[in-house]
Chemist: 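Sharing a structure here in structure tokens format.
In what follows, chains are A, B, ... by sequence order, proteins preceding strands, each numbered from 1. All values below were derived from every heavy atom in this structure, side-chain atoms included, with hydrogens, water molecules and symmetry-related copies excluded.
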2 protein chains.
Amino acid sequence: MSYVLNGGPRGVAPETRARVLAAIEQLGYRPNGIARSLRMNRTMTLGLVVPDTSNPFFAQLSRAIEEAAFAQDYTLLIGNAAEDDERQTTYVRTFLARQVDGLFLVPAHGPTSCVPELRRSGVPWVTLDRQIPGGGAPAVLADNRNGARAAAEHLLGHGRRSIACISGPEDVVPANERVGGWRDALAEAGVRPSEMSVWHGAFGRRAGYLGGRELLADGRFDAVFVASDEQALGVLRALQELGIRCPEDVAIASFDGIAATAYSTPALTTMAQPFGQLGQTAVARLLDQMDDPEADPHISVLPVTLVARGSCGCPDPPGGDAPAGTVEGAEQ
Amino acid sequence: MSYVLNGGPRGVAPETRARVLAAIEQLGYRPNGIARSLRMNRTMTLGLVVPDTSNPFFAQLSRAIEEAAFAQDYTLLIGNAAEDDERQTTYVRTFLARQVDGLFLVPAHGPTSCVPELRRSGVPWVTLDRQIPGGGAPAVLADNRNGARAAAEHLLGHGRRSIACISGPEDVVPANERVGGWRDALAEAGVRPSEMSVWHGAFGRRAGYLGGRELLADGRFDAVFVASDEQALGVLRALQELGIRCPEDVAIASFDGIAATAYSTPALTTMAQPFGQLGQTAVARLLDQMDDPEADPHISVLPVTLVARGSCGCPDPPGGDAPAGTVEGAEQ
DNA sequence: TTGTAGGCGTTATCAA
DNA sequence: TTGATAACGCCTACAA
């Protein structure tokens, strides 16, 4: 039975095979994957814990990982930490109890108390998007600093001189790297650190909206670099309410390259992350670790690409142009 | 060991319990959920297959279901059918092989060839959002017809008389129910069926954008009812490119109540689905079926609520007002 | 080429 | 109160 369904590890006489197949058909037999997992000591399941599944950036990232995992015959369990360390730990624990073969973690901001447990479990894991300080696990990251710098330089290239920054939570590493890149560009253009204005808030539209209202109302700035597209969409709405035109009065460049940026008015100029590659790389790294748990944890930093649209002052292309780095998993 | 960890079904002497606990600690013992599932014949896992995880509506719906399942100690497996019947079947099969205790299905458009297999498996299942013609399974649905009618009536109430409709694929039931509701309202206002213009396309922004460009360019219409928010966001962009003002020249009302509608310019007037309730109801129905597979499949139709914002001509509230039906799982 | 049996890690039943 | 043991369904090594 086993031999005919799995095609091995030894042969079956054609006549017997037919008999077995017939019996399977007749009894409506379905193999039990749980028993198989128990025996084989692998579940062909991977876990993914993200800070917030309702944030389109994480949704697109999850989708890319799912795609890559599916292609390798793995099923993906997705857990939503809701930006809460306790819930993050709960999910990690649940997944470990379910004997996932490996785990992806996009750490929520704040402490990441599940790390020791994760390490003790011996289950291979990989962090994504955000690195863990004393991690010890492979990480797959976007080139936040250079990307942010390129975005700010692009705004400078449009003749903007007074460029604010709206960023994510202060304890999120990539948010700070992006602020760093923005600072780099401004410093090189001769702006003093004391003249650089940064606003910190949650990722998500609401925070962007609030930051926009607070920072851009008085006309001090002729441009803003926003650390995430979601926030930038909120900023766009804030400008609208304030009667400030984009890009004429305030130009915007942001970061991530989510699909929605192609349909706002104006469409957003953004540094697009290579979602498909991020997913594939993450899966590849995890499989590496599963192959050889002793292999030293590799840090992969993937480049981001500028997608110039209307919000920075470039010509606004027709709605729905595909951001360069977002071909797979973006569709719609 | 089992008795101390699970607190039953029989007692353990305090002294023994302490010894067991100590051993657990010392050996770093972790219970194996797979073995447990095999023995118990339940995995505490539910499956969900949706047509397209990158569509924010399904993302928000998935999130609500995950929330409700998590609250009942179930883990949710999410599969992305990518609007492809074959892939949908693959996921259903994968989930059945993994011995999910129950399954949620949001059928992709077109045929749903996995139904016989699903039925034969004996695993309880529930359909969501879209009902299956000869289903036989419980369904949890929004009140599409009345919701759409209310939306169209609202546009009529603003004095609009020439109201087009942009809808989803022709073979998707809820899309047609929404078209039906829009027809109802127009007919009641004295519009002849021959004067009612409907455009059909995929759900998603791109389709809405294309439909908007095609249908609204020549100024024949002073309003449009759009069958999904995603499409409506595309329509908004199309109007912008055509130099048509919203709501002055063309008013918009749409359907779903996804979070992004609160941040567009103008913010979208929409019929908000009660995501939280949909999730809870779906889980409740599935647990019902699991309790008693013979219980007859109940069809739950939940009401949608009008969220009036700028796109229909109502005053545009500040960005980020929470759509009435979307409290849970919407955040941002 | 095929039948048989042991064991994966649990839980629950039976005997002590 | 506890120790021993069968069984869940699968895979595979071994014997025939």
Side-chain angles (χ1 to χ4, degrees), chain A residues 1-47 73-75 77 93-103 117 120-124 290 293, chain B residues 1-47 73-75 77 93-103 117 120-124 290 293:
Chain A
M1 218 292 312
S2 178
Y3 299 127
V4 22
L5 273 192
N6 303 333
R10 84 181 183 202
V12 177
E15 197 260 341
T16 332
R17 132 175 281 107
R19 242 170 1 121
V20 170
L21 253 25
I24 285 175
E25 179 64 26
Q26 199 198 333
L27 302 176
Y29 166 82
R30 311 209 58 91
N32 183 326
I34 293 294
R36 175 173 229 268
S37 293
L38 180 61
R39 172 64 225 247
M40 303 292 271
N41 204 24
R42 347 188 303 169
T43 54
M44 294 304 281
T45 301
L46 304 176
D73 291 320
Y74 281 91
T75 300
L77 286 165
R93 236 172 243 161
T94 308
F95 290 174
L96 291 178
R98 269 157 216 267
Q99 313 293 116
V100 293
D101 295 334
L103 194 75
E117 203 165 336
R120 239 180 306 126
S121 78
V123 172
M290 286 160 53
Chain B
M1 217 292 311
S2 178
Y3 301 126
V4 22
L5 273 193
N6 301 334
R10 82 183 187 202
V12 177
E15 196 259 342
T16 333
R17 132 174 281 106
R19 238 167 7 120
V20 170
L21 254 25
I24 285 175
E25 178 65 28
Q26 198 196 332
L27 302 178
Y29 166 82
R30 311 209 59 90
N32 182 326
I34 293 294
R36 174 173 230 267
S37 293
L38 180 61
R39 175 63 229 245
M40 304 289 271
N41 203 26
R42 348 188 303 171
T43 53
M44 294 305 282
T45 301
L46 304 177
D73 290 321
Y74 282 91
T75 300
L77 285 165
R93 237 172 242 161
T94 309
F95 290 175
L96 291 178
R98 269 155 217 266
Q99 312 293 117
V100 293
D101 295 335
L103 194 74
E117 203 165 335
R120 240 181 304 127
S121 78
V123 172
M290 287 160 50

Chemist: Treating Asp101(B) as the side-chain partner and Thr43(B) as the backbone partner, does any N or O pair qualify as donor plus acceptor under 3.5 Å?
Modeler: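 Here the side-chain-to-backbone pair exists.
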
Chemist: Return the set of residues passing side-chain hydrogen bond (donor to acceptor under 3.5 Å, both in side chains) with Thr75(B) (not counting sequence neighbours), or none when no residue passes.
Modeler: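 Residues passing side-chain hydrogen bond (donor to acceptor under 3.5 Å, both in side chains) with Thr75(B): Arg98(A).
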
Chemist: Hey, can you pull the donor-acceptor pairs under 3.5 Å for the side chains in residues 11-34 of chain A, sequence neighbours left out?
Modeler:
residue  : atom : partner  : partner atom : Å
Thr16(A) : OG1  : Ala13(A) : O            : 3.4
Asn32(A) : OD1  : Ile34(A) : N            : 2.8
Asn32(A) : OD1  : Ala35(A) : N            : 3.1

Chemist: Let's see if you can work this out: which of dT2(D), dT1(C), dT11(C) has an atom nearest to the side-chain heavy atoms of Asn6(B)?
Modeler: dT11(C)

Chemist: Rounded to whole angstroms, how far apart are CG on Leu5(B) and C1' on dA12(C)?
Modeler: 15 Å

Chemist: List the atom of Tyr74(A), the atom of Thr45(A), and the distance in Å for their closest heavy-atom pair.
Modeler: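 Taking every non-hydrogen atom into account, CD2-N, 3.8 Å.
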
Chemist: Which residue lies toward the 5' end of DNA chain D, Ala35(A) or Val12(B), if each is placed at its nearest nucleotide?
Modeler: Val12(B)

Chemist: Tell me the interatomic distance from Arg36(B), atom CZ, to dT11(C), atom C1', rounded to whole angstroms.
Modeler: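 Taking atom C1' of dT11(C) as the reference, CZ of Arg36(B) is at 8 Å.
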
Chemist: Below 4.0 angstrom, which residues in residues 22-33 of chain B have at least one non-hydrogen atom near DNA chain D?
Modeler: none

Chemist: Between the two ends of the helix from dT1(C)-dA16(D) to dA16(C)-dT1(D), what is the bend in degrees, rounded to 10 degrees, where each end axis spans five pairs?
Modeler: 50°

Chemist: Whole-Å distance between dT2(D) P and Tyr3(B) OH?
Modeler: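 Distance, rounded to whole Å: 11 Å.
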
Chemist: Would you jot down, in residue-number order, the residues of residues 38-47 of chain A having a non-hydrogen atom under 4.0 Å from DNA chain C?
Modeler: Leu38(A), Arg39(A)

Chemist: Quick one: which residue pairs count as a salt bridge (charged side-chain N to carboxylate O under 4.0 Å, His left out) with a foot in residues 35-45 of chain B, not counting sequence neighbours?
Modeler: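 Those involving residues 35-45 of chain B do not exist here.
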
Chemist: Nearest heavy-atom pair of Val100(A) and Leu77(A): which atoms, and what distance?
Modeler: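 Nearest pair, atom of Val100(A) first, then Leu77(A): CG1-CD1, 3.7 Å.
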
